[in-house]
2 protein chains.
Amino acid sequence: MNNYTTILRAHGLKVTPQRLAISDAIGTHGHIKIEDLYTLMLKEFSSISLATIYKNINVMVQNSFIQEVKIPHTKSVYELTKEAHSHLVCSECTEVEDISLDIYDFINKADSQTSFLIQKADVVFSGICKKCQ
Amino acid sequence: MNNYTTILRAHGLKVTPQRLAISDAIGTHGHIKIEDLYTLMLKEFSSISLATIYKNINVMVQNSFIQEVKIPHTKSVYELTKEAHSHLVCSECTEVEDISLDIYDFINKADSQTSFLIQKADVVFSGICKKCQ
DNA sequence: CTCTGTGCAAAGCGTTTGCAAACGA
DNA sequence: TCGTTTGCAAACGCTTTGCACAGAG
């Protein structure tokens with residue numbers, strides 16, 4: 001019984017080889033674009049359809065198994081849902097990394113400055129990654 | 001001589017009635033989606049083309065006259081370029097508001113935790129706006 | 001056995017492109 | 001006048017849909 005079998009079921013998703021492979025690819029890569037995911041999947045399932053990728057990404061997002069990360073000037077990437085965290089993106093190579101930062105103070109500061117009831121903050125830091133420096 | 005005539009020229013953009021109207025709409029609304037901008041423009045130029053909207057939005061973004069703001073779970077909005085600031089979005093009505101927060105400490109903290117050279121942070125707070133509470 | 005997921009082909013939708021005419025400087 | 005912008009129509013790319021068959025539970 002694979003790693004993701006239980007998690008998929010816990011999210012109300014039937015377990016199929018395609019879903020296991022998609023989960024594994026996202027888990028392994030951390031952050032992945034649709035087109036890269038498709039390329040990866042083709043190596044494992046030579047006749048997998050892009051429609052299957054999209055249908056699964058959509059249902060997985062709906063069931064909170066994965067999440068979309070919107071990034072300035074680039075395509076969205078998908079990641080497994082995990083504890084709240086922020087993102088770093090390299091403006092050269094568009095590589096994405098996670099970063100754990102305490103943002104409660106930040107959210108409170110924002111909350112005290114507006115009439116909105118603030119629930120969360122999506123933060124994307126842009127910079128140059130080690131490799132590209 | 002309209003408000004935006006000078007600013008458009010300063011950004012190297014020829015002044016046309018369509019560009020003035022687009023600038024004015026973005027300035028007045030603060031944040032606007034392409035489709036809403038098109039609807040607004042149609043009232044003023046009954047035969048304006050969506051292609052004109054897109055061409056202008058693209059050249060205006062390239063020349064840093066305006067900026068795209070990517071927002072989780074919704075379509076992007078465009079705003080006039082101004083001093084760095086963060087955004088609030090209402091998860092009910094998707095209304096977008098600006099908020100000025102000092103993020104230097106935040107950026108420094110992030111910078112010290114990673115090997116990236118961090119240059120900026122795009123922050124989108126999500127919550128419930130006054131009207132929707 | 002029943003319901004859901006898959007793959008394929010077609011449709012859909014937002015965005016871009018090419019072109020001739022109109023316009024800005 | 002010359003180069004740019006506009007509007008239109010066609011093309012494009014990404015995403016979704018409908019359907020028949022295969023597979024999960």
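These numbers were taken from a predicted model, which means no experiment stands behind them. Lettering of chains follows the sequences in order, A, B, ..., and the numbering in each one begins at 1.
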Is A:Lys75 touching bases, backbone alone, or none of the nucleic acid, heavy atoms closer than 4.0 Å?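 Here A:Lys75 touches the backbone only, sparing every base.
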
Which part of the nucleic acid, if any, lies within reach of B:Gln18 when heavy atoms closer than 4.0 Å are counted: base, sugar-phosphate only, or nothing?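 B:Gln18: backbone/sugar contact only, no base atoms under 4.0 Å.
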
In terms of ring plane angle, is the pair B:Phe125 and A:Phe106 parallel, tilted or perpendicular, where the classes change at 30° and 60°?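 The arrangement is tilted - the two ring planes meet at 30° to 60°.
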
What does the list of N/O pairs under 3.5 Å between the protein and nucleotides 19-24 of chain D look like, with a distance for each?
unit_1	atom_1	unit_2	atom_2	d
D:dA24	O3'	A:Val15	O	3.4

Exceeds 12 heavy-atom contacts within 6.0 angstrom, atom [atom1] of [X]:
X	atom1	answer
A:Gln67	CD	yes
B:Lys82	NZ	yes
A:His85	NE2	yes
A:Lys130	NZ	no

Euclidean distance, atom [atom1] of residue [X] to atom [atom2] of [N] [Å, nearest integer]:
X	N	atom1	atom2	answer
B:Leu20	C:dG24	CG	C1'	12 Å
A:Gln62	D:dT16	CD	P	10 Å
B:Phe45	D:dC8	CZ	P	13 Å
B:Tyr78	C:dG14	OH	P	13 Å
A:Ile53	D:dC14	CD1	C1'	14 Å
B:Asn58	D:dT6	CG	P	12 Å
B:Asn56	D:dT6	CG	C1'	9 Å
B:Leu8	C:dG24	CG	C1'	13 Å

Minimum-distance nucleotide to A:Thr52 side chain [options: D:dC14, C:dT6, C:dT16]: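 Nearest listed nucleotide: C:dT6.
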
What I'd like to find out is whether the side chain of A:Ile57 reaches to under 4.5 Å of the side chain of A:Leu37, using heavy atoms alone.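 SC-SC contact between A:Ile57 and A:Leu37 confirmed.
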
Side-chain donor or acceptor of A:Thr39 paired with backbone N/O of A:Glu35 under 3.5 Å: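 Judged by distance alone, yes, a pair lies under 3.5 Å.
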
